[in-house]
Amino acid sequence: MTMTDGAPQPWQPHDRPAGEVRRQPVPTGLARDGVSLTLEVTADQEVTAEVVSVEPGVVEVRLTPAATTVVRAAWQLPATAAPTYWSPDSGEHRGLPPFWRRPRTSALEKGAPVGSLIDIADRAVCTFAAGEGVRPVAVRTGVVEETGDFGFWVEQTADPVSELRLRLDLSGRHFAETLAGVADWWSTLYPVEPVPSAVRRPAYSTWYTMQQHVTAATIERQVGPAAELGCTMIIVDDGWHSTDRGRGYGLVGEWEPSPAAFPDLAAHVAAVHDAGLDYLLWYAIPFVGRRTELYSRVEPYLLTFREHLDAGVVDPRYPFIRTLITDRLSRAVTEWGMDGLKIDFIDQFAVEDPPPAGPEADCGSVTEGVDRLLAELHDRLRSVGREPMVELRQPYVSPGLWRHASMIRAGDCPLSPTQNRQRTVDLRLIAGPLAVHADMMMWHPTERPEQVAVQLINTLFAVPQISVDLTEQTPEQLDVLRFWLAFVTEHAAVLQQGAFRPTRPDLRYPLVSAADADLEIVGRYAPLPIAVPADRRLIIANADPSTETTLVSHGERAVLATVRDCRGQDVSRTELRLVPGHQIIDIPVGGLLSIE
């Protein structure tokens with residue numbers, strides 16, 4: 001059925017497609033609380049709609065126009081008992097946005113086309129995702145003030161080959177299960193090989209420790225202690241390419257090691273390898289600084305200039321630019337012996353209103369240029385015969401990037417364990433095959449050991465990155481690091497790849513768990529009761545200041561309960577008789593309880 005009435009609906013007030021608007025209702029066969037869900041599809045021409053049932057409560061919708069055009073799918077549901085809207089770019093905000101806000105556009109360079117409306121029992125009212133992980137997808141979601149409904153629309157340019165593909169989940173399952181379903185679906189659209197196991201082990205980062213004051217000597221002072229504590233990788237950040245310490249980017253882009261700081265970079269890398277650590281090197285991939293000799297050569301090929309950064313953003317639509325970048329970055333692996341790269345600032349390629357592509361460009365969109373750049377770089381890095389390790393970072397979280405990377409890190413949040421927890425959990429929900437890394441952890445030199453452990457527990461379900469001067473830590477702080485890094489290494493399979501179940505995203509995930517058939521591990525970040533499973537071991541890591549922990553048991557049995565403090569030292573080891581109902585046991589701040 002096609003309707004040509006172009007009058008806007010109350011809950012869809014503006015930003016309608018150009019040209020004659022055709023509205024086409026598409027029943028999905030799904031219902032929520034007795035309300036049948038029908039999509040309103042709008043375009044300037046007829047669209048063929050196919051709805052495929054994937055599993056109970058889940059469908060895939062394919063919308064195919066007769067020719068290239070903008071296609072939008074819109075729908076709405078009653079917003080009852082739903083305090084939370086989850087999206088990968090919502091930051092610290094977890095409330096319900098108004099529908100009239102501007103659409104948010106995701107593309108390869110930034111964001112991902114996925115969202116979930118979640119009720120107070122952690123059930124997904126509606127989880128949706130688009131299948132496009134490279135080209136731009138516009139998403140608008142929010143409360144329709146006229147009706148109390150929650151409105152959604154997803155819009156992209158589609159054609160007879162590349163249709164708008166939409167996954168809709170109204171199954172009512174836990175929101176984490178529905179987002180895992182999205183990640184599995186994306187994995188069929190963007191298949192990749194498993195990432196190297198090395199990227200799932202603790203890492204040491206130089207950024208918060210040294211800022212730009214990195215030298216071969218200062219780095220080599222840290223590698224021995226880092227290896228002894230359990231780190232297997234070092235990530236060297238900004239500062240290696242210049243003696244400038246101004247925190248700007250006016251001298252980036254040429255990517256030659258500073259002769260003063262790294263007189264023999266290959267020999268330095270070999271020394272780090274001898275200590276037992278892999279080595280990754282940082283690059284701000286879009287920037288060429290105004291104070292470099294290279295700048296005059298690339299100035300005609302800039303997307304924009306960032307005055308506050310003192311650097312231009314180069315345009316990857318040009319083969320000249322892509323070759324320039326891949327030649328320089330690949331040297332880290334092919335000449336200096338690095339194991340991979342930390343690629344920063346991909347989101348800076350997302351420039352509003354980029355200049356028209358010139359005659360030397362070989363692709364029309366910046367997004368396609370970024371995709372080609374990363375693919376060409378990956379091929380060059382693999383030319384040495386091994387799979388390179390590549391770190392990306394929030395907010396570039398699209399599944400289209402999976403084939404270009406092996407790990408993804410939470411966005412910068414120094415000394416903010418709660419934010420680090422929220423960001424790593426958000427990533428875990430949609431990162432698919434990539435290893436999720438926490439933002440680098442730092443603390444004041446006088447910080448109590450318990451609070452060091454609290455930071456580590458807040459990132460328990462991701463790979464920890466440590467960024468403090470290990471030679472200046474107290475024995476107690478080192479004990480904490482040694483214990484918890486050993487813990488996350490021993491239980492990496494469960495913590496990073498087990499069945500993942502965070503709670504209450506509106507409260508920043510006060511309880512988070514991961515489990516396999518034999519073990520469940522719970523991170524406790526608020527004084528909430530924790531159910532004791534009947535069929536597997538339980539470990540509770542306590543990051544909350546309240547130490548009295550309520551256990552909920554549904555049966556009667558004897559268990560061995562071991563309590564350890566933040567340094568891994570036994571506090572108690574007792575036989576505990578669980579009875580139906582609630583029992584209280586004390587877990588120190590930064591410590592853990594193990595129930596066998």
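The analysis underlying the following values was restricted to heavy atoms, covering all of them including side chains, and did not include hydrogens, waters or symmetry mates. As the structure is a prediction and not an experimental result, all values here were calculated from the model.
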Does [X] reach the side chain of [Y], with side-chain heavy atoms less than 4.5 Å apart?
| X | Y | value |
| --- | --- | --- |
| W86 | V114 | yes |
| V288 | V252 | no |
| H491 | I521 | yes |
| Y249 | T292 | no |
| V214 | F262 | yes |
| Y204 | M440 | no |
| Q473 | W443 | yes |
| V468 | E472 | no |

Working for ring pair (Phe, Tyr, Trp, His ring centres under 6.0 Å), residues W240 and Y283: CA-CA 10 Å; W240 65 270; Y283 290 89; 5.4 Å; yes

So, [X] versus [Y]: side-chain donor-acceptor pair below 3.5 Å or not?
| X | Y | result |
| --- | --- | --- |
| R508 | T418 | no |
| D238 | W207 | no |
| T232 | R201 | no |
| Q465 | D439 | no |
| S467 | T209 | yes |

Partner of V522 by side chain to side chain contact (heavy atoms under 4.5 Å, CB included), out of L511, T503, L460: L511

Minimal non-hydrogen separation, L229 against L478, with atom names: CD2-O, 3.7 Å

Shortest non-hydrogen contact between M442 and L415, atoms and distance: O-CD2, 3.6 Å

R382 atom CZ, neighbour heavy-atom count above 12 within 6.0 Å: no

E193, CD atom: more than 12 neighbouring heavy atoms under 6.0 Å: no

Expected output: side-chain T459 to main-chain A462 donor-acceptor under 3.5 Å: no

Salt bridge check, [Y] against [X]: does any charged N sit closer than 4.0 Å to a carboxylate O?
| X | Y | result |
| --- | --- | --- |
| R380 | D327 | yes |
| R423 | D426 | no |
| R135 | E368 | no |
| D570 | R567 | no |
| D518 | R537 | no |

side-chain hydrogen bond (donor to acceptor under 3.5 Å, both in side chains) evaluation trace for H241 with E256: CA-CA 6 Å; H241 57 90; E256 292 287 345; over 6 Å; no

Assess [X] against [Y]: is NZ or CZ under 6.0 Å from the centre of the six-membered ring, and within 45 degrees of the ring's axis?
| X | Y | value |
| --- | --- | --- |
| R501 | F175 | no |
| R403 | Y190 | no |
| R428 | F500 | yes |

Mutual orientation of the aromatic rings belonging to H404 and H378 [parallel < 30°, tilted 30-60°, perpendicular > 60°]: perpendicular

F483 and F487 aromatic ring geometry - parallel, tilted or perpendicular at 30°/60° bounds: tilted

Could you tell me the separation between the [atom1] atom of [X] and the [atom2] atom of [Y], rounded to the nearest 0.5 Å?
| X | Y | atom1 | atom2 | value |
| --- | --- | --- | --- | --- |
| S594 | I539 | OG | CD1 | 4.5 Å |
| D315 | C363 | CG | SG | 8.0 Å |
| M407 | H437 | CE | NE2 | 4.5 Å |
| R448 | T474 | CZ | OG1 | 12.5 Å |
| I540 | I457 | CD1 | CD1 | 11.5 Å |
| I587 | L593 | CD1 | CG | 4.5 Å |

side-chain contact (heavy atoms from CB on, under 4.5 Å) between L373 and I325, worked out: CA-CA 8 Å; L373 168 62; I325 294 173; 3.9 Å; yes

Within the 6.0 Å centroid threshold, strictly below: Y509 and Y525: no

Stepwise side-chain contact (heavy atoms from CB on, under 4.5 Å) check, S383 with T334: CA-CA 8 Å; S383 66; T334 60; 3.9 Å; yes

